[in-house]
Amino acid sequence: MNHQPTAFQLFLHRILMLKPVSALLSHILPPADEFALYLTRGKHTFAELVGLPVIELDTFGARTGLRRSHPLVGILDAEKFILVGSNFGNKHHPAWVHNLRAHPECVLHSNGRSGNYLARETDGEERTRYWNLALDYYKGYAAYEERAAPRKISVWILEPLTISQPD
């Protein structure tokens with residue numbers, strides 16, 4: 001279940017969305033979250049401190065087919081997860097977007113559970129709906145969208161194929 005950020009976490013979001021801060025975080029946060037996930041056996045990340053719901057997504061490389069793991073903000077909507085390919089507002093899509101476009105089947109780890117999911121990119125009204133839901137969790141996506149222009153930030157839905165018992 002997703003929880004709305006606290007007032008203090010929303011204050012932190014305002015700092016995190018600043019261009020120099022997010023530029024720095026784009027290099028530091030993914031490896032730091034991977035390390036935190038490793039140390040806590042997939043239970044915690046640094047991004048949780050600011051109230052963002054983090055999942056671990058395993059994709060298969062677009063060119064290599066090799067399994068790749070990515071800690072990402074994953075917003076739960078019923079049994080689906082929403083992912084935003086913001087890449088901190090950088091001009092190019094994150095690697096996991098390319099991987100999902102080539103191989104939409106993926107494995108998602110969240111709250112001690114793992115499952116196989118099928119990813120699809122949204123567009124039109126569906127994208128708008130999920131984009132607005134993502135903005136409810138992190139207003140920084142709007143700043144990232146401006147910085148990423150003319151690239152359109154992709155919004156993804158992951159629908160479950162199978163879900164395992166707790167790890």
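Residue numbers count from 1 along this sequence.
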For the residue pair Ala134 and Ile75, what are the closest heavy atoms and their distance?
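Scanning both residues, the minimum pair turns out to be CA-CD1, 3.5 Å.
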So which atom in Tyr117 and which in Pro160 form the shortest heavy-atom distance, rounded to 0.1 Å?
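Looking at all heavy atoms of both residues, the shortest contact is CD2-N, 3.4 Å.
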Partners meeting salt bridge (Lys or Arg N to Asp or Glu O under 4.0 Å) with Lys80 (sequence neighbours left out):
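Once residues adjacent in sequence are excluded, the partners of Lys80 under the salt bridge (Lys or Arg N to Asp or Glu O under 4.0 Å) criterion are Glu159.
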Return the set of residues passing side-chain contact (heavy atoms from CB on, under 4.5 Å) with [X] (not counting sequence neighbours), or none when no residue passes.
| X | result |
| --- | --- |
| Asn132 | Thr128, Leu135 |
| Arg129 | Asp77 |
| Leu118 | Pro104, Glu105, Leu161 |

Out of curiosity, does Leu100 fall in the hydrophobic cluster containing Val107 (side-chain heavy atoms, cut-off under 4.5 Å, transitive links)?
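Not linked; separate clusters.
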Do Ile157 and Ile153 land in one hydrophobic cluster if side-chain heavy atoms of ILVMFWY residues count as linked below 4.5 Å?
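Linked within one cluster.
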Would you call the rings of Trp131 and Tyr141 parallel, tilted or perpendicular, where under 30° means parallel and over 60° means perpendicular?
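The arrangement is tilted - the two ring planes meet at 30° to 60°.
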Look at the rings of Tyr144 and Phe88 and say which category their plane angle falls in: under 30° parallel, 30 to 60° tilted, over 60° perpendicular.
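Tilted.
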Using the side chain to side chain donor-acceptor pair (under 3.5 Å) criterion, which residues pair with [X]? Sequence neighbours excluded.
| X | answer |
| --- | --- |
| His92 | Asn87 |
| Trp96 | none |
| Arg101 | Glu121 |
| Ser69 | Glu56, Asp58 |

So, the side chain of Thr122 versus the backbone of Val155: is there a donor-acceptor pair under 3.5 Å, distance only?
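The answer is yes, because a donor-acceptor pair under 3.5 Å joins these two groups.
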Donor-acceptor contact below 3.5 Å, side chain Arg113 vs main chain Leu108
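Looks like no, no N/O pair under 3.5 Å.
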How would you list all residue pairs meeting salt bridge (charged side-chain N to carboxylate O under 4.0 Å, His left out) that involve residues 86-99, not counting sequence neighbours?
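Residue pairs passing salt bridge (charged side-chain N to carboxylate O under 4.0 Å, His left out), neighbours aside: none found.
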